[in-house]
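As structure tokens, the structure follows; a few thoughts come after it.
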There are 2 protein chains.
Amino acid sequence: MNMNNDISKENILAIKDAIELLGGKWKFCILYNLQKYHTMRFKDLQEMSVGITPKVLSKQLQELEDNLLITRTVNATKPVTVSYEPTKYAEEVIPVIDALLSFGSKHRKKIKEKYS
Amino acid sequence: MNMNNDISKENILAIKDAIELLGGKWKFCILYNLQKYHTMRFKDLQEMSVGITPKVLSKQLQELEDNLLITRTVNATKPVTVSYEPTKYAEEVIPVIDALLSFGSKHRKKIKEKYS
DNA sequence: CAGTATCCAAAGGGATACTG
DNA sequence: CAGTATCCCTTTGGATACTG
């Protein structure tokens, strides 16, 4: 098995990087919501990501911000609100989300058929 | 924020399902290699997934098999060899792998530029 | 060759309560 | 509202050694 070519190795590294960046239980869902509604507040995201606790949501958002995928803006309202938005760079992730969504839907149908 | 529509909820569930199925550190790399070479032995996969231990590889393969994404075939050679192949159904995952690979490559370039 | 067995460390994630 | 603090549990994955 000839695996001694750089392209394969590069590709493997690219996939690993992407997964490291976007992996975990929540990030894709957060990005999906932000792409769909464009701007959301902390509370909105918490309600939409059913089951997530504030601590976990906070951490996911910080990591996404660190990776330049979202921006965080504090609004001078009373009480203070914070809005999150996807960056221009985050558009690069849309194809991944779409593909994941498409596969997930097919898979759910397949499972549904199996047990009906 | 109007999130009370079933489509959004369904989509979120689909994404969560897909990630649950394919998430983790190795599965996408394994599937990438299997799509590329079509058939691989345990040892090949271990060498290509640099750093993976046999125990972990074994578990990933079992989970992929349970989810109907790969097949496992024992060959009556001496010593015994085992070959893994992607199923027809696994073709549904290719778009996800491609998108992930594409994003990962762009991201690696972006990081490389940043620190050069 | 293709795994399994055992042990262990770290990361991820959740429950609950609290704060500016 | 938008988090943080603390505590804790489970899952994931890795090291090492061993087997048919």
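Protein chains get the first letters and strands the later ones, always in sequence-line order, with residue 1 at the start of each. FYI, side chains are in, hydrogens and waters are out, and symmetry mates aren't considered; it's all heavy atoms of this structure.
- Listed by chain and residue number, E47(A) satisfy the side chain to side chain contact (heavy atoms under 4.5 Å, CB included) test with K43(A) (two or more places apart in sequence, or in another chain).
- If V80(A) and W26(A) are placed on DNA chain C by their nearest nucleotide, the residue sitting closer to the 5' end is W26(A).
- Using a 4.5 Å heavy-atom cutoff, the side chains of M40(A) and N33(A) are in contact.
- When the side chain to side chain contact (heavy atoms under 4.5 Å, CB included) test is applied to E85(A), the partners found at least two apart in sequence or on another chain are H38(A), T39(A), T71(A).
- Remark: nothing in residues 13-25 of chain B comes within less than 4.0 Å of DNA chain C through any heavy atom.
- Residue E63(B) is out of contact with every strand shown, counting any heavy-atom pair closer than 4.0 Å.
- Partners of E10(A) according to the salt bridge (charged side-chain N to carboxylate O under 4.0 Å, His left out) rule, which considers only residues two or more places apart in sequence or in another chain, do not exist here.
- Within residues 50-60 of chain A, the residues that place at least one heavy atom under 4.0 Å from DNA chain C are, in residue-number order, T53(A), K55(A), V56(A), K59(A), Q60(A).
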**Q.** side chain to side chain contact (heavy atoms under 4.5 Å, CB included) between V96(B) and L31(B), worked out
**A.** CA-CA 11 Å; V96(B) 186; L31(B) 287 173; over 6 Å; no
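- Atoms CD (Q46(A)) and P (dA15(C)) sit 12 Å apart, rounded to a whole Å.
- In the displayed structure, E65(B) atom CD is contacted under 6.0 Å by more than 12 heavy atoms of other residues, nucleotides or ligands.
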N/O donor-acceptor pairs under 3.5 Å from side chains in residues 52-60 of chain A, not counting sequence neighbours:
{"residue": "S58(A)", "atom": "OG", "partner": "Q62(A)", "partner atom": "NE2", "Å": "3.4"}
{"residue": "Q60(A)", "atom": "OE1", "partner": "K27(A)", "partner atom": "NZ", "Å": "3.4"}

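- Taking K25(A) as the reference, nothing meets the side chain to side chain contact (heavy atoms under 4.5 Å, CB included) condition, with sequence neighbours excluded.
- Every residue two or more places apart in sequence or in another chain that forms a salt bridge (charged side-chain N to carboxylate O under 4.0 Å, His left out) with R108(B) is listed here: D17(A).
- Here K88(B) pairs with E91(B) under the salt bridge (charged side-chain N to carboxylate O under 4.0 Å, His left out) rule; sequence neighbours left out.
- Chain A approaches DNA chain D over the interval dC1(D) to dC7(D), counting the first and last nucleotide 5' to 3' with an atom under 4.0 Å from its heavy atoms.
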Just distance, no hydrogens or angles: give the donor-acceptor pairs under 3.5 Å from side chains in residues 98-105 of chain B, sequence neighbours left out.
{"residue": "S105(B)", "atom": "OG", "partner": "L101(B)", "partner atom": "O", "Å": "2.9"}

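- With Y89(B) as reference, H107(A) is the one residue of H107(A), K110(A), K106(A) to meet the side-chain hydrogen bond (donor to acceptor under 3.5 Å, both in side chains) rule.
- Annotated stems with DNA chain C as a participant read C:1-20 with D:1-20, given as range with range, by first number; only runs of 3 or more Watson-Crick or G-U pairs under 3.5 Å qualify.
- Transitive grouping of hydrophobic side chains (ILVMFWY, heavy atoms separated by less than 4.5 Å) keeps I94(B) and I19(B) in distinct clusters.
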